[in-house]
Peer 1: 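My structure is below; once you've seen it, I'll send some questions.
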Amino acid sequence: MIRLARDLTRDDVLAIANDKGAKPFQARALVEAIFDKGLRSLERATFLPKDVRAALESELALAASRIVDRSVSSDGTVKFLHELSDGETIESVLIPDGDRTTLCVSSQVGCPVACVFCASGLAGVRRNLTSAEIVDQFLFAREHLEAEGQRDTDQRGRRLTNVVVMGLGEPMLNLDNVEAALRMISRDLEFSPRRITISTSGYPDRVVALAARALPWNLAISLHAADSRLRKDLVPTATKEPRELVAAARAWFESTGREPTFEIVLLRGQNDRLADADALIALLRGQACTVNLLPWNPVAGVEPWIATPTDEVVQRFAERLESGGIKTTWRRRRGADRDAACGQLRLRHVHSRSESY
Ligand code: SAH
Ligand code: SF4
């Protein structure tokens with residue numbers, strides 16, 4: 001049976017390599033290449049004799065997924081659809097923006113939280129991703145950029161600068177695997193933890209527990225509204241109050257020294273009124289944080305009352321927050337086909353195969 005290398009221990013891989021005829025120093029080099037350097041393809045293990053590589057192919061798989069679709073937006077955003085070993089699909093998204101190149105990774109297949117505006121939650125959740133499947137998205141993106149760098153394209157010379165766990169899924173519901181994957185990305189693959197952000201829709205207890213163990217990752221909390229009832233309209237499964245999320249963010253700041261971000265997906269006529277901004281000012285007063293406004297990216301299949309506010313409304317909302325002493329950021333949507341919110345490519349794929357959910 002073929003096994004996924006990153007689900008095995010170093011000793012397991014060593015034993016398999018020895019068994020397939022690798023010399024001890026070659027087996028050790030293979031273990032280092034896989035676990036420390038992120039080797040994804042046995043073809044690239046040129047330090048092994050050809051016959052050993054061929055024998056290993058039948059027993060050891062290095063990549064946890066293969067790319068079955070990709071879509072490129074006019075602004076250069078690339079979405080990858082990964083097919084996992086059991087046929088499930090997830091997305092990762094590469095977003096070039098000035099000097100930054102951000103990778104958005106998924107943490108679950110689908111999402112059980114079911115926020116009313118989000119493509120990822122529309123079909124529920126299928127399962128958690130393994131840590132190998134999360135790391136794989138990172139490795140794939142890095143490899144993709146390296147390959148692009150050798151061609152004469154817009155992506156030339158780009159390196160991954162940021163990783164955000166903002167793809168499909170709720171990371172706090174798969175925290176063990178997410179944490180293991182991020183540790184591997186930051187320690188073994190030498191990607192600065194300061195450039196990694198975990199985004200959560202709630203789960204204050206887990207945020208507080210993670211704060212005590214976390215490497216210096218960044219935290220984003222998807223708050224959406226200061227008013228409890230309004231928030232529940234948008235995140236129907238939420239059981240915690242907005243003030244509990246704010247308290248968790250404070251605990252995070254106190255234990256990591258890193259300022260959290262609150263994300264607000266702005267929906268026309270729902271949570272984009274000046275009174276909503278005032279409620280946020282009251283809730284966040286004195287809190288070290290930034291608010292990031294995300295004008296809603298249209299998603300097919302959501303309720304008809306969900307719509308995107310105009311830029312003017314978003315600007316006014318941002319100014320109101322700023323005048324209330326809250327650091328606020330937001331970005332105008334660029335290309336008309338920009339749909340950086342994860343989940344849509346997968347949904348199209350799932351629907352086209354008409355799977356039953
Ligand atoms: N489940 C986590 C992380 C994934 S979602 C969370 O909710 O935080 C990452 C961010 O994208 C969240 O802030 C979410 O509210 C936002 N988002 C989801 N769908 C969106 C859409 N259609 N338009 C704009 N932002 C969206
Ligand atoms: Fe899940 Fe986040 Fe989408 Fe809500 S916004 S359904 S928590 S992925």
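Computed over heavy atoms, backbone and side chain alike; hydrogens, waters and symmetry mates excluded. Whatever order the structure lists ligands and atoms in, that order sets their numbers, starting from 1.
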Peer 1: At a cut-off of 2.8 Å, what protein N/O/S atoms sit near atom 1 (Fe) of ligand 2?
Peer 2: Cys111 SG

Peer 1: Within a 6.0 Å radius of atom CG on Asp176, are there more than 12 heavy atoms belonging to other residues, nucleotides or ligands?
Peer 2: no

Peer 1: Going by side chain to side chain donor-acceptor pair (under 3.5 Å), name the pairs with one or both residues in residues 317-328, residues two or more places apart or in two chains.
Peer 2: Glu259-Lys327, Asp278-Arg320, Gln315-Glu319

Peer 1: Can you tell me if Arg100 has over 12 outside heavy atoms packed within less than 6.0 Å of its CZ?
Peer 2: no

Peer 1: From atom 11 (O) of ligand 1, work out which of Val235, Val165, Leu294 has a heavy atom at the shortest distance.
Peer 2: Leu294

Peer 1: What is the minimum heavy-atom distance between Val13 and Phe35, and which atoms define it?
Peer 2: CG2-CE1, 3.8 Å

Peer 1: Which of the numbered atoms in ligand 1 are below 4.0 angstrom from a heavy atom of Glu170?
Peer 2: 1 (N), 2 (C)

Peer 1: Does the pair Ile90 and Glu133 meet the rule for a side-chain contact (heavy atoms from CB on, under 4.5 Å), with working shown?
Peer 2: CA-CA 10 Å; Ile90 52 155; Glu133 288 165 340; 5.5 Å; no

Peer 1: List the steps, then state whether side-chain contact (heavy atoms from CB on, under 4.5 Å) holds for Thr329 with Thr290.
Peer 2: CA-CA 7 Å; Thr329 56; Thr290 300; 4.2 Å; yes

Peer 1: Return a table of donor-acceptor pairs under 3.5 angstrom between the side chains of residues 209-219 and protein atoms on other chains or two or more places apart.
Peer 2:
from, atom 1, to, atom 2, distance (Å)
Arg213, NE, Glu179, OE1, 3.3
Arg213, NE, Glu179, OE2, 3.0
Arg213, NH2, Glu179, OE1, 2.9
Asn218, OD1, Arg258, NE, 3.0
Asn218, OD1, Arg258, NH2, 2.9
Asn218, ND2, Arg194, O, 2.8
Asn218, ND2, Ile196, O, 3.2

Peer 1: Which residue from Asn292, Val302, Asn297 reaches closest to atom 23 (N) of ligand 1 through any of its heavy atoms?
Peer 2: Asn297

Peer 1: Which of the atoms of ligand 1 are close to Gly167, meaning less than 4.0 Å from one of its heavy atoms?
Peer 2: 4 (C)

Peer 1: Say whether Thr200 and Glu170, considering side chains only, have a donor N or O and an acceptor N or O under 3.5 Å apart.
Peer 2: yes

Peer 1: Does Glu303 use its side chain to pair, donor to acceptor, with the backbone of Val116 at less than 3.5 Å?
Peer 2: no

Peer 1: Please could you name the atoms of ligand 1 that Glu263 approaches to less than 4.0 Å, counting only its heavy atoms?
Peer 2: 13 (O)

Peer 1: Against heavy atoms of Thr200, which atoms of ligand 1 measure under 4.0 Å?
Peer 2: 6 (C), 8 (O)

Peer 1: Can you list the atoms of ligand 1 that are under 4.0 Å from a heavy atom of His224?
Peer 2: 15 (O)

Peer 1: Using heavy-atom distances, let me know which of Ala220, Cys111, Pro298, Ser222 sits nearest atom 12 (C) of ligand 1.
Peer 2: Ser222

Peer 1: For Asn177 and Leu129, what are the C-alpha separation, side-chain angles and deciding distance, and is it a side-chain contact (heavy atoms from CB on, under 4.5 Å)?
Peer 2: CA-CA 7 Å; Asn177 292 344; Leu129 294 185; over 6 Å; no

Peer 1: Applying ring-ring contact (aromatic ring centres under 6.0 Å, His included), name anything that partners Phe191, two or more places apart in sequence or on another chain.
Peer 2: Phe138

Peer 1: Can you list the atoms of ligand 1 that are under 4.0 Å from a heavy atom of Val299?
Peer 2: 22 (N)

Peer 1: Just to be sure I'm reading this right: ignoring hydrogens, which of Gly169, Ser201, Ser199 gets closest to atom 1 (N) of ligand 1? Compare them by their nearest heavy atoms.
Peer 2: Gly169

